[in-house]
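These numbers come from a predicted model, not from an experiment.
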Amino acid sequence: MRIFFIYLVSCLIPIYAQNRIGTGVVKKLYEEYCLNCHGENLESGLGGSLLRESLMEDIGSQDDFIQYIKLGNLDMGMPAFGDKLTDSQIRSLQIYIEEIQLKKEREVKNLVGSVQKNKYKAGGYLFRLETVIEDLDMPWSISFISVEKALITERSGALRVWEDGMISKAVSGTPESIKRGQGGLLEVSIHPEYNINKWVYLAYSESLNADEEKPATMTKVVRGRIVDGQWCDQEDIFYTSEEYHNVSGVHYGTRFVFKDGYLYFGIGDRGKQDQAQDLTRPNGKIHRIHDDGRIPVDNPFSHIQNAYPSIWTYGNRNPQGLDLHPLTGAIFESEHGPRGGDEINLIERGLNYGWPIITYGMNYDGSPITAKTAADNMKQPLHYWTPSIAVCGIDFYEGDEFPLWKYDLFAGGLSSQELHRLVIKDDKVVSTEIILKNEGRVRDVATGPDGMLYLVLNDPDVVVRLIPDE
Ligand code: HEC
């Protein structure tokens with residue numbers, strides 16, 4: 001089945017988010033307790049190298065690592081740290097070691113790069129990049145209508161139409177979004193029956209007190225139609241009352257998938273991590289509503305008093321990508337994690353994805369969140385990245401131009417400036433590979449109706465496509 005619209009993804013981490021590998025509080029912890037014996041760069045000393053590849057495998061699970069450091073190996077000269085470090089501090093040290101290991105590994109391999117000017121080799125192909133749209137202002141999301149036509153959002157508030165190689169001015173009359181932090185105009189997608197009903201869906205950060213210096217905001221979803229460059233017929237599809245708005249400028253989530261008449265979308269924790277576990281609140285959740293905004297009566301928590309009725313799953317930190325598996329219809333999500341905790345999840349009815357009770361990450365400053373990476377009744381990710389790639393938009397490739405990639409999941413990274421290919425079999429990630437690096441922050445990924453793989457980049461703010469090189 002050739003799909004002529006792609007459900008995309010937009011992604012939100014601040015432009016200043018840096019690659020944090022090997023920095024912060026956890027570095028101080030390492031320097032204070034471990035450096036003397038394991039070396040400044042983890043490479044040597046009394047205690048030997050912590051960079052050897054099979055180190056974590058040899059030690060075992062995350063819990064085994066914590067036990068090892070607590071008890072030490074006194075006979076061999078490794079002290080016991082059980083009374084000096086908490087479990088979660090030890091866990092943050094483990095993430096730190098993995099960050100530096102991977103950084104070294106990548107330096108050695110020097111990974112993907114262009115083999116000559118604008119020629120790349122990865123994933124079994126030689127390919128080149130072609131710039132398709134230029135002169136954008138932080139583009140976030142793209143939704144194809146046809147080979148020659150697509151809709152694009154810019155976080156600064158504009159919805160623009162790309163048609164016959166030209167990019168339009170902003171469509172006038174789109175809703176006012178609040179451009180603070182990660183907020184602004186975010187996701188755009190056309191309805192699966194767009195050819196008949198012409199509905200265009202938008203997600204953005206809304207405020208009920210926009211004039212205030214620090215307006216409280218929350219994610220809102222609307223639909224409307226574009227007629228002669230005007231936004232018309234707007235209907236509110238999802239919005240919340242003031243009690244659910246807050247002044248944080250982070251973690252709005254968004255991204256849409258349509259399935260069987262329902263609209264699924266995510267809202268990040270809005271900077272209040274504990275609320276991701278609170279079923280009375282809409283943040284930190286994946287939601288399911290009818291595509292006209294009505295709440296389904298059979299949502300998983302509708303029997304729980306005071307539960308927010310559109311919740312489909314909870315414990316989701318900041319969903320930044322959402323797509324349907326083209327063959328099974330399963331919903332895949334990318335979740336922008338804390339440092340070291342980016343995830344790919346399989347989204348299933350009513351499950352708890354664990355944030356912030358379990359996570360593979362630590363805080364951006366290197367301070368610990370928790371030692372726990374797993375717990376009963378909390379769903380494990382299918383895949384996680386330590387160190388983080390700053391995961392963003394995802395897309396199952398459905399084109400015919402790269403047959404080896406058919407139905408593989410592509411995930412973009414912001415601070416890492418990477419495009420990852422994940423091979424999925426029976427809802428498991430069986431292998432991963434980096435396809436592109438250092439060409440820009442990958443905000444969104446989409447199979448084009450021409451079968452090429454399109455990327456929405458920030459820095460530079462362009463849309464490019466990968467084209468196989470004959
Ligand atoms: C007084 C020196 C000393 C200090 C301080 C020290 N270690 Fe060690 N460490 C060792 C020695 C010696 C070994 C080798 C033990 C062995 O051969 O079994 C070791 C082994 C290890 C191993 C297993 C390595 C392997 O190849 O299997 C890990 C992991 C480790 N240390 C982590 C840490 C961390 C994290 C810290 C800081 C919290 C730390 N160490 C502090 C001396 C030290």
Side-chain angles (χ1 to χ4, degrees), residues 9 11-13 61-62 88 91 95 219 250-257 259 262-289 299-302 304 307-325 328-363 368-386 388-394 409 411 422 424 427-429:
V9 233
C11 188
L12 333 140
I13 72 164
S61 68
Q62 265 86 17
S88 49
R91 173 67 192 137
I95 297 169
T219 308
V250 300
H251 303 178
Y252 292 92
T254 82
R255 269 132 288 101
F256 303 139
V257 299
K259 186 181 173 185
Y262 297 108
L263 172 65
Y264 295 82
F265 62 95
I267 300 181
D269 67 15
R270 301 288 295 102
K272 310 281 178 210
Q273 59 183 48
D274 294 338
Q275 293 179 1
Q277 291 291 323
D278 181 348
L279 285 171
T280 69
R281 306 195 72 99
N283 45 330
K285 314 292 184 317
I286 302 288
H287 296 262
R288 181 182 77 153
I289 56 181
N299 267 353
F301 303 105
S302 43
I304 295 178
Y308 206 87
S310 50
I311 295 175
W312 185 249
T313 68
Y314 64 114
N316 302 103
R317 181 179 183 271
N318 193 18
Q320 290 298 296
L322 215 54
D323 198 17
L324 294 179
H325 191 288
T328 67
I331 301 175
F332 283 68
E333 177 229 25
S334 67
E335 196 162 307
H336 200 104
R339 174 170 160 189
D342 283 349
E343 297 179 353
I344 295 288
N345 289 304
L346 183 64
I347 295 298
E348 294 176 286
R349 178 188 172 86
L351 298 190
N352 181 357
Y353 289 77
W355 173 254
I357 296 173
I358 59 169
T359 173
Y360 286 89
M362 59 183 164
N363 288 311
I369 296 171
T370 168
K372 279 209 170 81
T373 53
D376 288 348
N377 303 322
M378 293 190 190
K379 177 80 171 155
Q380 282 288 299
L382 295 185
H383 182 73
Y384 65 91
W385 281 277
T386 309
S388 300
I389 65 167
V391 71
C392 210
I394 60 171
L409 184 66
L422 290 79
I424 313 272
D427 293 340
K428 295 205 167 51
V429 177

**Asked** Residues two or more places apart in sequence or in another chain: which of them pass side-chain hydrogen bond (donor to acceptor under 3.5 Å, both in side chains) with S61?
**Response** D64
**Request:** State the CD1-CD1 distance between I286 and I267, to the nearest 0.5 angstrom.
**Result:** 9.5 Å
**Item:** Side chains of P381 and I344 in contact at under 4.5 Å (non-hydrogen atoms)
**Value:** no
**Request:** Have a look at F332 and tell me which of L322, V429, I424 forms a side-chain contact (heavy atoms from CB on, under 4.5 Å) with it.
**Result:** I424
**Asked** How close do S388 and G340 get, heavy atom to heavy atom, and via which atoms?
**Response** OG-N, 2.6 Å
**Request:** Please report the shortest heavy-atom distance between A411 and V391, naming the atom on each side.
**Result:** CB-CG2, 4.2 Å
**Results of ring-ring contact (aromatic ring centres under 6.0 Å, His included) for W385 - residues two or more places apart only** = H383, H420
**Fill in**
Hits for salt bridge (charged side-chain N to carboxylate O under 4.0 Å, His left out) against K372, two or more places apart or cross-chain, chain-then-number order -> none
**Asked** To the nearest 0.5 Å, how far apart are CG in L346 and CD1 in I331?
**Response** 9.0 Å
**Asked** salt bridge (Lys or Arg N to Asp or Glu O under 4.0 Å): which pairs involve residues 269-282, sequence neighbours left out?
**Response** none
**Prompt:** Under 3.5 Å, is there a donor-acceptor pair between the side chain of T219 and the main chain of Y252?
**Reply:** yes
**M362 side chain reached by R91 side chain, heavy atoms, under 4.5 Å** = no
**Asked** Of all heavy-atom pairs between F256 and L263, which one has the smallest distance, and what is that distance?
**Response** CB-CD1, 3.6 Å
**Which residues share a ring-ring contact (aromatic ring centres under 6.0 Å, His included) with Y353, sequence neighbours left out** = none
**Shortest non-hydrogen contact between G361 and P338, atoms and distance** = CA-CG, 3.9 Å
**Request:** Only counting residues at least two apart or in another chain, list the ones meeting side-chain contact (heavy atoms from CB on, under 4.5 Å) with A375.
**Result:** I358, M378
**Fill in**
Residues passing the salt bridge (charged side-chain N to carboxylate O under 4.0 Å, His left out) test with R288, sequence neighbours excluded, are D298
**Gap between atom OH of Y308 and atom CG of L279 - 0.5 Å precision** = 13.0 Å
**Prompt:** Just by distance, with hydrogens left out, do Y384 and E335 show a side-chain donor and acceptor under 3.5 Å apart?
**Reply:** no
**Asked** Just wondering, do L422 and I394 contact through their side chains at under 4.5 Å, heavy atoms?
**Response** no
**Item:** Residue pair I347, N316: steps toward the side-chain contact (heavy atoms from CB on, under 4.5 Å) verdict
**Value:** CA-CA 10 Å; I347 295 298; N316 302 103; 4.2 Å; yes
**Request:** Locate the shortest heavy-atom distance separating G268 from N283; write the atom from each residue and the value.
**Result:** O-CB, 3.2 Å
**Asked** Looking only at heavy atoms, what is the nearest atom pair of G350 and Y314, with distance?
**Response** O-CE2, 4.1 Å
**Complete:** Interatomic distance, CD1@I369 vs CD1@I95, rounded to 0.5 Å, equals 7.5 Å
**Prompt:** Is the shortest heavy-atom distance from the side chain of N352 to the side chain of N377 under 4.5 Å?
**Reply:** no
**Item:** Set of residues satisfying side-chain hydrogen bond (donor to acceptor under 3.5 Å, both in side chains) with respect to T359, sequence neighbours excluded
**Value:** none
**Asked** Counting only N and O atoms by type, is there a donor-acceptor contact under 3.5 Å from the side chain of K259 to the main-chain atoms of Y264?
**Response** no
**Prompt:** Can you name the side-chain hydrogen bond (donor to acceptor under 3.5 Å, both in side chains) partners of S310, sequence neighbours left out?
**Reply:** H287
**Asked** salt bridge (Lys or Arg N to Asp or Glu O under 4.0 Å): which pairs involve residues 337-350, sequence neighbours left out?
**Response** E99-R339, E348-K379
**CZ on F265 to OG1 on T254, rounded to 0.5 Å** = 9.5 Å
**Request:** Any chance you could measure R317, atom CZ, to H336, atom NE2, to the nearest 0.5 Å?
**Result:** 6.5 Å
